[in-house]
> 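Just dropping this structure here.
Only a predicted model underlies this, so the values are computations on that prediction, with no experimental measurement involved. Each chain gets a letter, A, B and so on, in the order its sequence line appears, and its residues count up from 1.
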Amino acid sequence: MSDIKSLNRNFLKVNEIIEAHHSDPSELISILQEVQEEYRYLPEEILNYIAMAVHISPSKVFGVATFYENFSLAPKGKYIIRICDGTACHVRKSTELIVALRKKLGLTENKDTTDDLLFTLQTVSCIGACGLAPAIMINEEVHGKVTPEKAEMILEEIIKRERVNNEQ
Amino acid sequence: MKTLTINGREVSFTDEKNLLEVIHNYGIELPTFCYHSELSTYGACRMCLVENEKKQLIAACSTPPKEGMKIKTHTDKLQKQRRVTLELLLAGHDRECTTCHKNDDCKLRKLASDMGIEEVRFSGNIKNIEVDNSSFSITRNPNKCILCGDCVRMCQEVQGVGVIGFAYRGADAAVMPAFNKLLSEVNCVGCGQCAAVCPTGAISVKSNIEEAWSAINDDSKYVVAQIAPAVRVAFGEAFGLKDGGACENLIVSALKTIGVNKVFDTCFSADLTVMEEAKELEDKIEKGLNLPLFTSCCPAWVKYVELKYPDFTKNLSTCKSPQQMFGSFVKDYYAKELGLESSDITVLSIMPCTAKKEECKRDEFKHGDHYDVDVVLTTQELIRMIREAGIMIEKLKHEPFDMPFGFSTGGGILFGSTGGVAEAALRVLDGEVKEFHAVRGFQGIKEASYDHKGKKLKIAVVSGLSNAKILMDRIRTGRSHYDFVEVMACPGGCIGGAGQPIQKNIGSREKRAKGLYDLDNKNQLCRANDNPMITKLYENWLGGVGTKKAHQHLHTQFRQRRRFESSIPLIKGSGTINIKICIGTSCYLKGAYDLYKEVDQYIKEKELTHTVNLEATFCLEKCTEGPVVEIDGELFTHTDKASVIQYIESFKETAQ
């Protein structure tokens with residue numbers, strides 16, 4: 001798995017992040033956000049490490065990490081697909097998109113990440129692209145007027161690209 | 001003097017910090033779940049609402065009193081509001097009251113009854129979460145939690161431990177240890193103060209009553225009980241006797257009525273502890289070694305040091321606690337006197353403390369498959385057993401303790417209150433002065449100095465672990481220097497232990513302390529070395545204070561404890577060399593992280609990434625000798641870049 005190679009880099013980065021925030025417990029949320037960007041989620045060991053480094057209890061760090069929807073304690077996919085289910089997208093049949101993509105990726109309401117850690121599927125309330133409804137975001141990229149077919153094509157492309165990358 | 005109006009009558013107030021206290025002083029007790037005067041104000045339960053002039057409902061606990069304020073405490077609107085709030089709390093609460101530990105002491109049940117709640121109209125959200133029984137000291141039943149947060153704030157603010165916290169949000173919100181681990185898997189010290197403030201049965205003291213009954217009812221067992229000093233001044237509260245009045249003779253009688261064979265006094269073994277500890281202190285001062293000496297009578301404090309200040313375990317007095325010393329001499333010396341095998345004897349402790357339940361199960365106190373102390377009951381459990389047995393306290397005769405271990409001096413009695421251990425030790429060191437007022441009282445941190453053989457000894461007395469934390473940080477950074485430090489984990493010392501009856505009245509702790517000092521005043525002897533029974537025990541058994549035999553039976557050892565089992569993989573090669581760098585607190589402070597960076601760089605420079613596995617691990621339990629590195633199972637202490645590289649190279653050679 002490519003993940004393991006980057007572990008070391010990640011850990012150095014975690015320390016840089018903590019240092020940049022002067023081990024200040026009042027900057028915990030920022031620290032967690034930046035660490036999550038590195039690991040794509042918040043591993044238990046790292047949360048314990050952060051607690052130790054900023055001198056607060058692990059239970060407090062755990063409390064903050066579970067309070068905010070944005071933080072994840074389970075590994076997330078390399079590509080995070082956010083399907084907008086705000087009013088505009090909803091009336092333009094975003095539900096069909098959700099059903100189709102879940103089926104394609106073998107996911108359910110309770111299982112949002114694929115076993116190969118490539119995709120995570122989330123629904124969000126509004127991404128501010130109502131004119132393009134129904135819209136989805138894949139990582140930072142917005143796709144508008146998406147049909148189930150179009151969405152599947154986008155995913156196929158990503159899967160193909162990843163396969164080529166891995167073979168190299 | 002300022003005034004405000006409560007229910008149409010003028011009430012004066014001075015510096016009360018909130019309306020709730022003004023109303024309380026006036027004589028009205030508003031219902032609360034989340035308010036404790038010792039904790040920060042949380043304002044979550046919404047039970048203490050009052051109505052102001054504008055007909056707004058405000059929480060009295062979080063409103064400062066103001067001149068001319070007009071409030072009402074029991075309008076129709078308020079009563080309706082409180083009832084609905086209570087009903088909503090009850091809707092999410094496991095209402096198996098008859099089988100609940102807290103039954104009699106449950107605030108939720110009491111308020112529901114006081115307010116005449118006869119039905120709960122809302123269907124509940126009871127999740128049937130598994131009960132956590134993993135700790136020796138406390139039981140956590142999340143199904144009974146009303147999220148008042150008292151336990152969370154107690155653990156964090158007063159005890160400075162913080163093992164439980166709020167997690168998740170909205171309907172999923174819950175109180176739990178980090179990562180929803182079991183209490184036995186986290187840094188819980190077992191002080192039980194969370195259980196003492198929990199208004200419901202969500203956290204309660206773990207019961208060992210069954211074990212106690214089965215020992216008493218087993219004819220082949222000779223049951224020997226000991227009663228801790230703090231128990232006798234709190235026991236009476238449960239039976240409507242005078243607060244703080246000493247009841248040891250009633251307790252002896254009750255235990256004998258139940259069927260206990262002998263009842264002795266833990267104050268006797270406290271005297272024994274003082275003898276050993278005073279000697280240890282004198283020796284250490286003479287040698288100037290590992291000062292300050294920390295008391296080790298309080299098992300929650302001992303565990304706190306082992307977990308949070310592992311580099312200070314060498315400063316803990318090696319003396320066993322009075323409870324454990326009692327177990328030692330009963331199972332070794334007294335068994336022979338009786339002509340019994342130690343396995344024929346069951347030692348039953350009556351303690352004010354929940355951490356003692358864990359202490360008696362420590363490996364150090366286990367011999368084969370039996371322990372020095374077999375069963376620990378709290379004051380609360382003793383009271384329950386007496387009620388279960390149907391014993392009528394008012395018909396009991398006052399019976400004295402059995403001899404020879406029922407005889408103690410005033411010093412041993414003081415062990416139940418903060419400052420008592422220090423005072424008892426000072427009495428022995430001094431030999432003349434009886435009262436050391438500087439170490440008495442309920443302040444969290446007390447300091448005193450005392451001239452001993454021309455040297456000035458600096459002494460600190462602490463209660464409440466968050467105060468201990470303040471003191472430890474001062475000692476660690478060199479801002480303070482002491483020779484002798486007494487710590488008791490619970491605020492006020494053992495009299496405020498979590499095993500004591502729930503304090504129903506403000507000031508009951510002070511009354512319990514007064515009860516102990518009264519007993520001390522009545523006692524003709526105040527110094528442990530004047531106790532003739534102690535002298536006899538040394539003559540017949542140990543040969544003298546601090547002898548080899550005394551060390552064998554009355555002393556123990558403490559160790560650093562691994563806090564996390566987990567580690568962070570950093571480089572995963574396919575190679576054969578496994579390197580673990582400890583980044584636990586002590587090693588971290590000694591530069592383990594910089595060491596890691598250097599080792600990492602070296603591995604990369606030498607292109608060893610395929611031959612080594614590198615892990616950051618949390619504790620290798622050698623905290624005093626950090627930074628610690630483990631290579632292929634072998635531990636290396638006091639490491640630096642050069643030594644680690646040398647080790648790696650030599651391991652590389654053997655691997656080849």
> Quick check on side-chain hydrogen bond (donor to acceptor under 3.5 Å, both in side chains): which of A:Asp115, A:Thr113, A:Thr114 does A:Lys111 satisfy it with?
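Single side-chain hydrogen bond (donor to acceptor under 3.5 Å, both in side chains) partner of A:Lys111 among A:Asp115, A:Thr113, A:Thr114: A:Asp115.
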
> Could you please state which residues from residues 468-479 of chain B sit under 4.5 angstrom from chain A, measuring non-hydrogen atom to non-hydrogen atom, sorted by number, or 'none'?
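From residues 468-479 of chain B, none sit under 4.5 Å of chain A.
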
> Tell me whether A:His90 at atom NE2 has more than 12 heavy atoms from other residues, nucleotides or ligands lying less than 6.0 Å away.
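No.
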
> Going through the distances and angles, do B:Ser184 and B:Ser134 end up as a side chain to side chain donor-acceptor pair (under 3.5 Å)?
CA-CA 5 Å; B:Ser184 59; B:Ser134 64; 3.2 Å; yes

> With B:Cys194, which of B:Val152, B:Val163, B:Ile203, B:Val161 fulfils side-chain contact (heavy atoms from CB on, under 4.5 Å)?
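Output: one option passes, namely B:Ile203.
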
> Distance alone, cut at 3.5 Å: any donor-acceptor contact between the side chains of A:Glu27 and A:His22?
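There is no such pair between these side chains.
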
> Quick check: under 4.5 Å, non-hydrogen atoms only, which of residues 62-82 of chain A neighbour chain B?
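Listed by number: A:Phe62, A:Gly63, A:Thr66, A:Phe67, A:Tyr68, A:Glu69, A:Leu73.
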
> Counting heavy-atom pairs closer than 4.5 Å to chain B, which one of A:Ile46, A:Asn15, A:Leu47, A:Val61 comes out on top?
A:Asn15

> Would a distance-only check, ignoring hydrogens and angles, find a side-chain to backbone donor-acceptor pair under 3.5 Å from A:Ser23 to A:Val54?
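No, A:Ser23 side chain to A:Val54 backbone: no donor-acceptor pair under 3.5 Å.
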
> Is it true that a side-chain atom of B:Arg153 and a backbone atom of B:Glu38 form a donor plus acceptor pair closer than 3.5 Å?
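Judged by distance alone, no pair lies under 3.5 Å.
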
> Between A:Glu152 and A:Lys103 (salt bridge meaning N to carboxylate O under 4.0 Å), is one present in this structure?
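Salt bridge flag = no for A:Lys103 with A:Glu152.
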
> Can you confirm whether more than 12 heavy atoms, excluding those of A:Arg102, are under 6.0 Å from its CZ atom?
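Enclosed.
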
